[in-house]
Amino acid sequence: MSGDHGHKDSKIDSGSRVNESHKHKDKHKDKEHRHKDHKKDREREKSKYSNSEHKEFSEKKHRDKDKVKHKDGSLERHKEKHKEKRKEEKIKSFSFDEKPKKEKENGFASPPRIKTETDGDSFYYSPKYEKSLKREHDDDDKSKFSTNNFLSFFLWILQDIEPKKKTKDKKTDETDGKKKAKKEPEEKWKWWEEERYTDGSKWKFLEHKGPVFAPPYEPLPSNVKFYYDGKHMKLSPQAEEVATFFAKMLDHEYTTKEVFRNNFFKDWKKEMTPEEKSKITNLSKCDFTEMSEYFKAQTEARKQMSKEEKQKIKEENERIVQEYGFCVMDNHKERIANFRIEPPGLFRGRGDHPKMGMLKRRIRPEDVIINCSKDSKHPKPPPGTKWKEVRHDNKVTWLVSWTENIQGSIKYIMLNPSSRIKGEKDWQKYETARRLKKCVDQIRAQYRDDWKSKEMRIRQRAVALYFIDKLALRAGNEKEEGETADTVGCCSLRVEHIKLYPELNGQEFVVEFDFLGKDSIRYYNTIPVEKRVFKNLQLFLENKQPEDDLFDRLNTSILNKHLQELMDGLTAKVFRTYNASITLQQQLKELTSEDNTPAKILSYNRANRAVAILCNHQRAPPKTFEKSMQNLQSKIDAKKDQLADARRELKSAKADAKVRKDEKTKKAVETKKKAVQRIEEQLMKLEVQATDREENKQIALGTSKLNYLDPRITVAWCKKWNVTIEKIYNKTQREKFAWAIDMADKDFEF
DNA sequence: TTTAGAACTTAGAAACCTTGAC
DNA sequence: GTCAAGGTTTCTAAGTTCTAAA
C-alpha cells in the first residue's frame, strides 16, 4: 500500500448507524430508466479510447486471450436474476475468462499452492519442526483412530472428574506476575507443528455432547399482569411468552420503531388463541409495563444475591461448560465457541432491517442436525425427543446446525478460535495476504492499465478493484431486496452513493462516498482520486438514475474470478487483510520509539487505530464517554497539583540540605526526588490514557485486532520493543493467536 | 454454467465480570 | 461494602466465499 491510506480522517462521522437520510427512498421506481443502452455506451467508449493505447494493452496481457469474445458484447448475463426482480432490463455481456481450472486443495485448510510455494515462505514448517509429531491421518486407518480417540476421550472424562481448575481462572494467571496463582494445567498442543490434512477432510474423529437448549418458558407469576386497553387480561402461555420478549425490550429504541412493532404484532398474533386474537387488535393498547418491571426486579435480585448463591450459579454454569463446552476432535479436547442454541426472542436486525421484531422461534431437537464421526459416541437428544438428523460429514467443521426462521439461513455450532481447525484457517488467511504482498505491485499496475481498457466491464472492474485496494472496501455482494437492510459494498455501490467534484477544497478529482456498509455502519469519505479514475466514474454515471448500480457490469463473482486468475486464492477480502496488516507494520515502524512502555503501547494503539479507520470499524461512542473523560481530566488535574506540591517540597528539601549538609537532609532530598519522579510517571500515564481514550471515542480496535492484523506482526513488535505480549493481547486473544506467539520472532516481516 | 444454499468469517452491541476509588 | 468504569466475553447478525444441485 504505499502510503495510500492517508485520507482516513474524514471518514469517521458522528452518527454511525443508519440515519434516515440514508433511506433508500422509492429506490426502485422508474426502473425503466435504467441502463438505457449499453451497446451505445460501448460504442462511445470504443471511439473515446481508440486503438493505439488499447492495442498496446491488450497485446500485453496474456490473460485476456478471450478478449475478442468479450468485445462483441453479446454475453452479459450474470446479474440478471435479481435485476429481474427489480423488473428492469440490464443488458449485459460478459463471460469468464477460460483459464484451466486450478487444482483445488479439496477445501483443505492449507494455503493454496502449497507445493509450489515452499521457497522461503515461513508457512512451511521450519526445520525444527520437521520431524515433529504428525497428526495421524491416513485415510484408511480408521480403527487406529477410533481407538486413540476413545482413549483420549476417556482421559478427558477422567480429567473432568478432577477438581476443576482450568477454565475459569480468568485473571488469576494474568501476567503481572503478582498473582501467579493457578498455572496452565498442561502443555498446550502445538497443532501448528503438525501436518495438516491434504484430502479435504477437516477431521477424522469428532465426538461431542450436542447443544444446550434454551431453558423452557417459565410462565409469569399470577401477580404480574398484562393489560389491554387498561383492562387486565390473562394471556395463554404461548402468547404470554412472546409478550415477555417484547416486555424485555421495552426500554430499547427498537420497540418505538414502526417496522419492529408491526412485525412483532403480526407474529405475536400468530401465537394467540382465537379469543386473544379477536380481542387484541392494537399494539398501542397493550400495556407490558408490569412484565417489564418484573424482569427488571429479577435482574436486580440477581445482582443482590449473596456470594454463596452467586457461587452456586457459577458452579452450575461451569458444570455445563465442562459437559457441553468441549469436544474431542482428532485426539484433542477442543473448546466449542457457541454450544448453546440461540434462545427464542425477537429478531434484532441492524439498521433499517425490514424484519426487525419478528419472532425468532424456539429451536427443538427435531430441528437440529448433529455432525460427528460414526465411531464416536453420538450425543443424545433430550428424553422423549429426537434429532432431525445425525450425519458424519468430515468435510465440514460444524458440530451442530439448524435453520433459523427469519432468513431461512443455517446456524452452526463451531469450535473456538483457539482450536486447531480455526487457527489453521486463520494462519492460512494471513499467508494468502502475504502472498498478495509479493504481487500487489503487479496487480496494481494491471488495474491501472485496465482503467484505459476499451471494454466497459474491464474498466469498471479495474476502478472497483482500485477502491477495494485503496479504501479497503468490502466486496459488496448483491442482496435480496426487502429481506435485509439496504446496505452496500464496492460492487453493489449505486450512483446515489458517490458524488464527484472536479475540485474540492483545493484538491482535484475528489470523490465523496456516502453509503451504509455492513451492519448499516455509515461509510463517509472524501478522497482525491487519479484523473483517469475520475473520468471513468463520470462515464459510469452517465445516463443513470441515483438508484442505478455504479458498476452495472460487475459483481463479486466476476471480480473474484478475475482475482483468482491474478493470484491463486486471491479474493476481494484478501486486500482488506493485506492492507490492514501492512498498514499496522508500517505504522508501528513509524510510530514506535525507544520510550517508556505506556508510550510504546500508545504507539501500538495508534497503529491499530490507523487500521481501524482504514477498515471503517466504528462504534457508537460509549454513553458514559463525556463523563468518564471528565473524570479522567480531574484526575490529571489533581495529579498535576500533586506534582507541583512534590516539586515544591523537593525544592525546599534541597535548600534545606544545602544549609544543613547532613545525611538526613540528603536522604530527604533523595526521597522527594523519587516521589517527584513517581508522580511524573503517574501523570504521564494518565495523560497517555486520556489521549488514547479520546482518539478511540468512535473507533473500535477489536475487530481489526482480531480479524485483520497478522498477529505475528504484533508478536514481533512486542519482542523487538520488549513489551510483554499481555500488554497487547488479553487471555482470549493470546489463546487465539497461540500459533503466532509461538512462532514469530522479533524479525518477523509480514 | 448458473444459482441457491451451505459454510465460514467478520461485526458491533449487550451482558457480564473485574478492578479500583471511596 | 458499594459503585462506577472499563475490560472481557458472549451473542448472533451480516457479511464473503465456496460448493453442489439444477
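Here is how names work: the chains are called A, B, and so on, in the same order as the sequence lines, proteins then strands, and each is numbered from 1.
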Indicate whether OP1 or OP2 belonging to [N] is found under 4.0 Å from a side-chain N or O atom of [X].
X	N	answer
A/Asn560	C/dT17	yes
A/Lys573	C/dG15	no
A/Asn730	C/dT8	yes
A/Lys360	C/dA13	yes
A/His617	B/dT10	no
A/Lys422	B/dC8	no
A/Arg474	B/dA11	yes
A/His252	B/dA14	yes
A/Lys479	C/dG15	yes
A/Thr397	B/dC8	yes
A/Lys395	C/dA20	no
A/Asn338	C/dC11	no

Quick check: does any side chain N or O of A/His208 sit under 3.5 Å from a backbone N or O of A/Asn371, one acting as donor and the other as acceptor?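 Checked: pair present.
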Rounded off to whole Å, could you give me the [atom1]-to-[atom2] distance for the [X] and [N] pair?
X	N	atom1	atom2	result
A/Phe295	B/dA15	CZ	C1'	17 Å
A/Lys736	B/dA11	NZ	C1'	12 Å
A/Trp402	B/dA6	CH2	P	15 Å
A/Asn416	C/dT9	CG	C1'	11 Å
A/Gln407	C/dT12	CD	P	15 Å
A/Glu424	B/dC8	CD	C1'	15 Å
A/Ile601	C/dG7	CD1	P	12 Å
A/Ile410	B/dA7	CD1	P	5 Å

For this output row, return yes or no: ring centroids of A/Phe326 and A/Phe339 closer than 6.0 angstrom.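 A/Phe326 vs A/Phe339: aromatic centres not under 6.0 Å.
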Under 4.0 Å, counting only non-hydrogen atoms across every strand here, what does [X] touch: a base, just sugar-phosphate, or nothing?
X	answer
A/Gly517	sugar-phosphate
A/Gly489	nothing
A/Ser409	nothing
A/Ala572	sugar-phosphate
A/Thr487	sugar-phosphate
A/Asp426	nothing
A/Lys518	base
A/Pro343	sugar-phosphate
A/Arg576	sugar-phosphate
A/Tyr412	base

I want to confirm an ordering. Mapping A/Ala700 and A/Trp398 to their closest nucleotides on DNA chain B, which one lands closer to the 5' end?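 The residue closer to the strand's 5' end, by nearest nucleotide, is A/Trp398.
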Of A/Arg302 and A/Tyr708, whose closest DNA chain B nucleotide lies nearer the 5' terminus?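 Comparing both residues, the 5'-ward one is A/Tyr708.
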Lys/Arg N to Asp/Glu carboxylate O, A/Glu315 vs A/Lys312, below 4.0 Å: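 Between A/Lys312 and A/Glu315 there is no salt bridge, as every charged N stays at least 4.0 Å from the carboxylate O atoms.
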Can you tell whether the side chains of A/Asp367 and A/Lys388 come within less than 4.0 Å, N to carboxylate O?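 Salt bridge flag = no for A/Lys388 with A/Asp367.
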Please tell me which of A/Arg348 and A/Thr556 maps to the more 5' nucleotide of DNA chain C, matching each residue to the nucleotide holding its nearest heavy atom.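 Result: A/Arg348.
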Is the NZ or CZ atom of A/Lys248 positioned over A/Phe295's six-membered ring, under 6.0 angstrom from the centre and within 45° of the axis?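 Relative to the ring axis of A/Phe295, which defines the angle, A/Lys248 lies inside both limits.
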Using the ring of A/Trp402 (Phe, Tyr or Trp, six-membered ring only), decide whether A/Arg362 places NZ or CZ under 6.0 Å from its centre and within 45 degrees of its axis.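 Not flagged: A/Arg362 not positioned over aromatic ring of A/Trp402.
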What nucleotide, of C/dT9, B/dA13, B/dC8, holds the atom closest to the side chain of A/Lys202?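 Looking only at side-chain atoms, A/Lys202 lies closest to B/dC8.
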If you only use heavy atoms from C-beta on, which nucleotide in C/dT10, B/dC8, C/dC11 is closest to the side chain of A/Arg335?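 For A/Arg335, the side-chain atoms sit closest to C/dT10.
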Less than 3.5 Å between a donor and an acceptor, one on the side chain of A/Lys411 and one on the base of C/dT12, is that the case here?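 A donor-acceptor contact between them is absent.
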Kindly give the heavy-atom pair with the smallest separation between A/Cys490 and A/Ala464, and that separation in Å.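 That would be SG-O, 3.5 Å.
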Taking A/Ser401 as the fixed residue, which of A/Ile413, A/Ile410, A/Ile370 is the one that meets the side chain to side chain contact (heavy atoms under 4.5 Å, CB included) rule?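 The option that passes is A/Ile410.
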